[in-house]
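Shown next, in structure tokens, is the structure this report addresses.
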Protein chains: 2
Amino acid sequence: MTFKQSTTEKSTCFIHKLLSNREQKIANRELELLNVAEKIMIHEGFSGFTMDKLVADCNYSKGTVYNHFANKEDLFCALSIEGMRFLISLMQRSLNIQGTLREKCLGLFYSQRLHSQIHPTSFLCVLMAKTPAVLERASKARLEHQIILEQETTALVDKLLSTAITSGDINENRKQHEESLCFALWSMSFGSNALLINAAEAKAVSRLDTNNALLFNINALLDGIGWKPLSSECDYQQSWLRIGNEVFSKEVSALQE
Amino acid sequence: MTFKQSTTEKSTCFIHKLLSNREQKIANRELELLNVAEKIMIHEGFSGFTMDKLVADCNYSKGTVYNHFANKEDLFCALSIEGMRFLISLMQRSLNIQGTLREKCLGLFYSQRLHSQIHPTSFLCVLMAKTPAVLERASKARLEHQIILEQETTALVDKLLSTAITSGDINENRKQHEESLCFALWSMSFGSNALLINAAEAKAVSRLDTNNALLFNINALLDGIGWKPLSSECDYQQSWLRIGNEVFSKEVSALQE
DNA sequence: ACCTGAACACCGTTCAAGT
DNA sequence: ACCTGAACACCGTTCAAGT
């Protein structure tokens with residue numbers, strides 16, 4: 001079987017391909033394990049997840065599972081990493097929307113909200129990875145991987161911001177605060193989504209029209225930054241719907257079923 | 001001893017006082033337990049905390065500890081509740097600042113940041129209480145108590161917002177969105193502080209001037225809401241320092257030691 | 001009515017033995 | 001070189017016995 005693979009791949013470097021195939025196999029198994037883990041969490045909640053159940057539901061032994069993940073929290077971190085990968089793919093797609101730069105920015109926020117709705121458990125893992133319980137115990141390698149992915153999202157936002165500044169949609173005297181702008185967007189996105197999902201019982205959330213709360217928050221922030229066109233000059237509710245229809249039509253209609 | 005207490009209290013209702021004393025004793029013990037728990041978390045991290053260690057470090061048995069807390073997560077929730085109580089006391093004090101209504105609003109944000117700096121572990125408990133692990137397992141009574149405290153903070157913000165609207169500092173056409181404004185403030189506060197503390201390693205945070213990041217975010221949001229005077233018309237950095245000096249001088253100087 | 005701590009069940013983690 | 005699962009240590013939780 002190993003031989004078969006190496007020939008079908010017509011590799012010029014047999015050993016390299018062999019290694020790479022082995023690595024591929026391990027990576028696939030890891031994804032398989034993460035899938036099983038997520039399923040357990042979906043059905044039994046986070047507190048219902050145990051390593052024993054994971055071993056019972058997959059075809060590998062405890063030792064093999066612990067070969068992949070240093071400990072339980074490391075596995076949470078791995079799930080968070082997969083969640084971020086998915087989020088980044090949504091973010092990249094969202095930038096394809098036809099429209100102003102501010103609408104593209106809306107697309108980035110839309111992506112995170114969509115992630116939280118399509119894969120709530122995955123999204124919760126991303127939130128949990130920012131929790132001391134995970135930060136204290138996950139392996140160094142995994143935590144670093146996560147930082148790299150965060151850097152990717154930061155790069156996407158940075159690029160959009162500097163385009164907006166050079167194009168004049170954001171006043172150029174904001175250029176010296178570009179990093180602050182990026183952090184403000186992240187904070188608002190993180191805070192809004194975390195509370196909308198995990199504080200749904202709180203009066204300050206339950207009394208809201210939760211469908212528009214996020215957009216309201218973004219509009220307030222982007223108006224405050226002075227990102228043109230301001231929300232008074234443009235119907236961003238329309239833009240929000242357009243992002244759903246034009247970029248994420250498949251995902252949105254799947255959600256509504 | 002019971003008799004002694006009841007006479008020194010010169011109660012008109014002996015039985016009621018007895019009960020109330022007993023209840024007081026139980027409440028005191030609970031605070032004592034929470035104090036010990038917090039100390040363990042400070043010294044050994046969240047993942048280092050166990051119920052066994054709590055029992056070892058206090059003078060009560062396992063059964064008694066479990067009389068207070070339904071389970072470990074319930075104890076986390078109790079710590080979060082104490083954290084919120086402390087936060088609310090800071091928020092109330094912060095409203096005493098002399099100045100505009102927007103400066104009072106700054107005081108509310110200042111309170112949360114101060115909480116995260118004076119009692120980091122307590123603050124982290126408040127964040128953790130918004131995590132599925134805790135939400136899934138804490139007792140109903142405790143979760144409800146927390147909702148009530150959240151309602152108190154919401155009420156403080158609501159009151160300030162409606163004063164600002166009637167006084168004209170916020171345009172009165174915002175009146176219909178008062179709840180949205182409240183949620184926007186909460187989201188920004190929650191998101192900024194959570195990330196400043198738990199994502200310190202991320203490039204988007206580490207490259208910041210963390211001392212001014214929160215104020216930058218608030219200013220952007222409040223400008224976007226159109227809360228007068230705008231940040232272009234007023235030196236809020238000065239206000240921020242003033243809040244520290246005038247309302248929280250003791251806490252701030254203790255921090256700088 | 002409340003407290004106690006031994007006892008239990010379960011969970012996370014390891015590692016000697018196997019392939 | 002990697003996989004296995006029995007074994008272990010520890011942790012969370014309970015409850016019969018005690019005051």
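Naming convention: chains lettered A, B, ... in sequence-line order (proteins, then strands); numbering from 1 in each chain. It should be emphasised that the depicted structure is a prediction, and the values quoted were computed from it without experimental measurement.
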B:Arg22 side-chain N/O to C:dC2 phosphate OP1/OP2 under 4.0 Å: yes

task: Tell me whether the OP1 or OP2 atom of C:dC3 has a side-chain N or O from B:Asn67 closer than 4.0 Å.
output: yes

- line: Closest heavy-atom pair, B:Ala37 versus B:Leu54, reported as atoms and distance to 0.1 Å, is N-CD1, 3.9 Å

query: What closest approach, in Å, do A:Met91 and A:Leu156 show between heavy atoms, and which atom pair accounts for it?
result: CB-CD1, 3.9 Å

- request: Nearest whole angstrom, please: distance from the P of C:dG5 to the CG of B:Leu54.
  value: 15 Å

- request: Keeping to residues at least two apart or across chains, list the salt bridge (Lys or Arg N to Asp or Glu O under 4.0 Å) pairs with something in residues 113-130 of chain A.
  value: A:Lys130-A:Glu150

- request: Give each stem of DNA chain C as a range with a range, requiring at least 3 consecutive Watson-Crick or G-U wobble pairs whose two distances are under 3.5 Å.
  value: C:4-8 with D:12-16, C:12-16 with D:4-8

field: For A:Asn28, side chain to side chain donor-acceptor pair (under 3.5 Å) partners two or more places apart
entry: A:Gln24

Interatomic distance where CG belongs to A:Asn21 and P belongs to D:dC2 [whole Å]: 14 Å

message: Tell me if a side-chain donor or acceptor on A:Lys53 pairs with a main-chain N or O of A:Gly48 at a distance below 3.5 Å.
response: yes

Donor-acceptor list for residues 182-192 of chain A side chains, cut-off 3.5 Å, not counting sequence neighbours:
unit_1, atom_1, unit_2, atom_2, d
A:Ser187, OG, A:Phe183, O, 2.9
A:Ser187, OG, B:Asn217, ND2, 3.3
A:Ser189, OG, A:Gln112, OE1, 2.2
A:Ser192, OG, A:Met188, O, 2.7
A:Ser192, OG, A:Asn217, ND2, 3.0

query: Which residues pass the ring-ring contact (aromatic ring centres under 6.0 Å, His included) test with B:Phe123, sequence neighbours left out?
result: B:His115

field: N or O in side chain of B:Ser61 less than 4.0 angstrom from C:dG5 OP1/OP2
entry: no

query: Any luck finding a side-chain donor-acceptor pair between A:Glu38 and A:Thr121 under 3.5 Å?
result: no

- request: Any chance you could lay out the salt bridge (Lys or Arg N to Asp or Glu O under 4.0 Å) test for B:Lys39 and B:Asp57, step after step, and finish with the verdict?
  value: CA-CA 10 Å; B:Lys39 251 167 215 151; B:Asp57 288 8; over 6 Å; no

message: Please give me every residue in residues 127-134 of chain A whose heavy atoms get under 4.0 Å of an atom in DNA chain D, ordered by residue number.
response: none

With B:Ile148 via side chain to side chain contact (heavy atoms under 4.5 Å, CB included) - residues at least two apart: none

- prompt: When the distance from CD of A:Glu23 to P of D:dC2 is rounded to whole Å, what number comes out?
  reply: 10 Å

message: Tell me every residue that passes side chain to side chain contact (heavy atoms under 4.5 Å, CB included) with A:Asn71, counting only those two or more places apart in sequence or in another chain.
response: A:Glu73, A:Asp74, A:Arg137

- prompt: Contacts to DNA chain D from residues 31-47 of chain A, heavy-atom cutoff under 4.0 Å, which residues?
  reply: none

- prompt: Which pairs pass ring-ring contact (aromatic ring centres under 6.0 Å, His included) with one or both residues in residues 29-74 of chain B, sequence neighbours excluded?
  reply: none

query: Do any side-chain nitrogens or oxygens of B:Arg29 fall under 4.0 Å of OP1 or OP2 in C:dC3?
result: yes

message: So, using ring-ring contact (aromatic ring centres under 6.0 Å, His included) as the criterion, who are the partners of B:His119 when residues are at least two apart?
response: B:Phe86

message: How would you summarise protein contacts on nucleotides 6-19 of chain C per nucleotide, using B for base, S for sugar-phosphate only and - for none, with heavy-atom distances below 4.0 Å?
response: B----BBBBB----

